[in-house]
Amino acid sequence: MMQTQRTLENQQSGQISGSLSFNGTLSKEDEEMSKSALSTFRAKEEEIEKKKMEVKEKVQAQLGRIEEETKRLATIREELEALADPMKKEVSVVRKKIDAVNKELKPLGQTCQKKEREYKEALEAFNEKNKEKVQLITRLMELVSESERMRLKKLEELSKNIETIRMA
């Protein structure tokens, strides 16, 4: 199309310059040809402009469709992300709470272990002392029994001595 336009322009300039150089004025025939070429050129320019506008409109229509499709795709992507994990927010909140509780549990667990060790040590000390007490009570019972036996024996001896004195 551009080549046709150049050919017309070259023909017009050749015709005009040829006519000018030959007589110095344009003949009616040359003027008619010039007007015809000019109107053909304008018609071609209008046709080009018209096609240019049509292409522009098509491009705008395509851009509008592309924008609509982009919006639809964005909506679909959001729906897909929501489908991937509909409870994502709630799961995240619960996980954070679990992490917080774990942080609190660690020192509590250490305290429990320390208290358990202290309890075991105290229980062991208690049992040792209780065992010692039982041994002491057993020894006391033996001593008391021995003492009573000895006193009874002594009382019997004294009683025999008194009876021997009375008889004598």
Side-chain angles (χ1 to χ4, degrees), residues 1-10 38 40-168:
M1 199 167 273
M2 288 297 273
Q3 200 171 18
T4 310
Q5 185 180 359
R6 284 187 189 143
T7 307
L8 280 174
E9 288 174 2
N10 288 341
L38 190 59
T40 305
F41 175 73
R42 284 186 183 147
K44 292 286 182 184
E45 280 292 317
E46 287 175 12
E47 186 180 331
I48 290 170
E49 199 60 37
K50 183 180 175 185
K51 286 189 180 189
K52 185 177 167 183
M53 290 304 290
E54 287 175 6
V55 169
K56 197 174 187 178
E57 287 172 7
K58 286 179 184 178
V59 167
Q60 286 299 329
Q62 289 289 341
L63 285 174
R65 279 194 17 233
I66 289 171
E67 284 180 28
E68 288 175 24
E69 293 300 317
T70 303
K71 287 177 186 175
R72 278 187 51 218
L73 285 173
T75 304
I76 290 170
R77 182 182 315 138
E78 288 173 9
E79 289 175 8
L80 277 174
E81 287 174 1
L83 276 179
D85 195 355
M87 307 291 260
K88 186 177 184 177
K89 199 177 209 178
E90 292 161 28
V91 167
S92 177
V93 168
V94 171
R95 283 186 177 158
K96 286 179 183 176
K97 286 181 180 180
I98 289 171
D99 289 342
V101 169
N102 278 337
K103 287 178 184 176
E104 293 173 15
L105 277 177
K106 187 176 181 179
L108 290 174
Q110 290 171 341
T111 302
C112 279
Q113 288 175 347
K114 182 181 176 186
K115 298 287 182 184
E116 279 180 348
R117 276 193 310 272
E118 290 174 0
Y119 170 76
K120 285 178 182 177
E121 290 169 2
L123 183 61
E124 192 176 305
F126 173 80
N127 287 337
E128 284 292 320
K129 287 296 175 185
N130 208 22
K131 187 177 176 182
E132 186 180 341
K133 176 185 163 188
V134 168
Q135 289 172 346
L136 289 171
I137 290 172
T138 304
R139 178 70 180 134
L140 176 65
M141 296 291 281
E142 288 172 0
L143 289 173
V144 168
S145 290
E146 180 74 22
S147 173
E148 284 178 1
R149 196 174 32 84
M150 287 173 76
R151 284 186 0 208
L152 278 175
K153 190 177 177 185
K154 192 71 167 167
L155 279 173
E156 279 180 26
E157 281 178 21
L158 287 175
S159 209
K160 279 184 187 178
N161 280 344
I162 292 178
E163 282 206 28
T164 25
I165 296 181
R166 248 195 234 167
M167 292 215 193

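Here Arg72 pairs with Glu69 in a salt bridge; the nearest charged N to carboxylate O distance falls below 4.0 Å. Salt-bridge annotation for Glu47 and Lys51: present, with a side-chain N of the basic residue lying under 4.0 Å from a carboxylate O of the acidic one.
To the nearest 0.5 Å, atom CG of residue Leu158 and atom CD of residue Glu156 are 10.5 Å apart. Here CG of Asp99 is found 6.5 Å from NZ of Lys103. Values are rounded to the nearest 0.5 Å. Taken from CD1 in Ile48 to NZ in Lys50, the straight-line distance is 13.0 Å, to the nearest 0.5 Å. Taking CE of Met53 as the start and CD of Glu49 as the end, the distance is 7.0 Å to the nearest 0.5 Å. In this structure, Lys52 NZ and Glu54 CD are separated by 13.5 Å, a value rounded to the nearest 0.5 Å. Between atom CG of residue Leu105 and atom CD1 of residue Ile98 there is a gap of 11.0 Å, rounded to the nearest 0.5 Å.
For the side chain to side chain contact (heavy atoms under 4.5 Å, CB included) test, residues two or more places apart in sequence or in another chain that qualify with Asn130 are Phe126, Lys133.
Residues Glu124 and Lys120 form no side-chain contact, since every pair of their non-hydrogen atoms from C-beta on lies 4.5 Å or further apart.
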If you look only at distance, which donor and acceptor atoms sit under 3.5 Å apart when one is on a side chain in residues 134-153 and the other is two or more places apart or in another chain?
from   : atom 1 : to     : atom 2 : distance (Å)
Thr138 : OG1    : Val134 : O      : 2.7
Ser145 : OG     : Met141 : O      : 3.0
Glu146 : OE1    : Arg149 : NH2    : 2.1
Glu146 : OE2    : Arg149 : NH2    : 2.7

Q) Hey, mind stepping through Glu132 and Lys129 against salt bridge (Lys or Arg N to Asp or Glu O under 4.0 Å) and telling me if it holds? A) CA-CA 5 Å; Glu132 186 180 341; Lys129 287 296 175 185; 3.6 Å; yes
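Between the side chain of Thr164 and the main chain of Asn161, a donor-acceptor pair closer than 3.5 Å is present.
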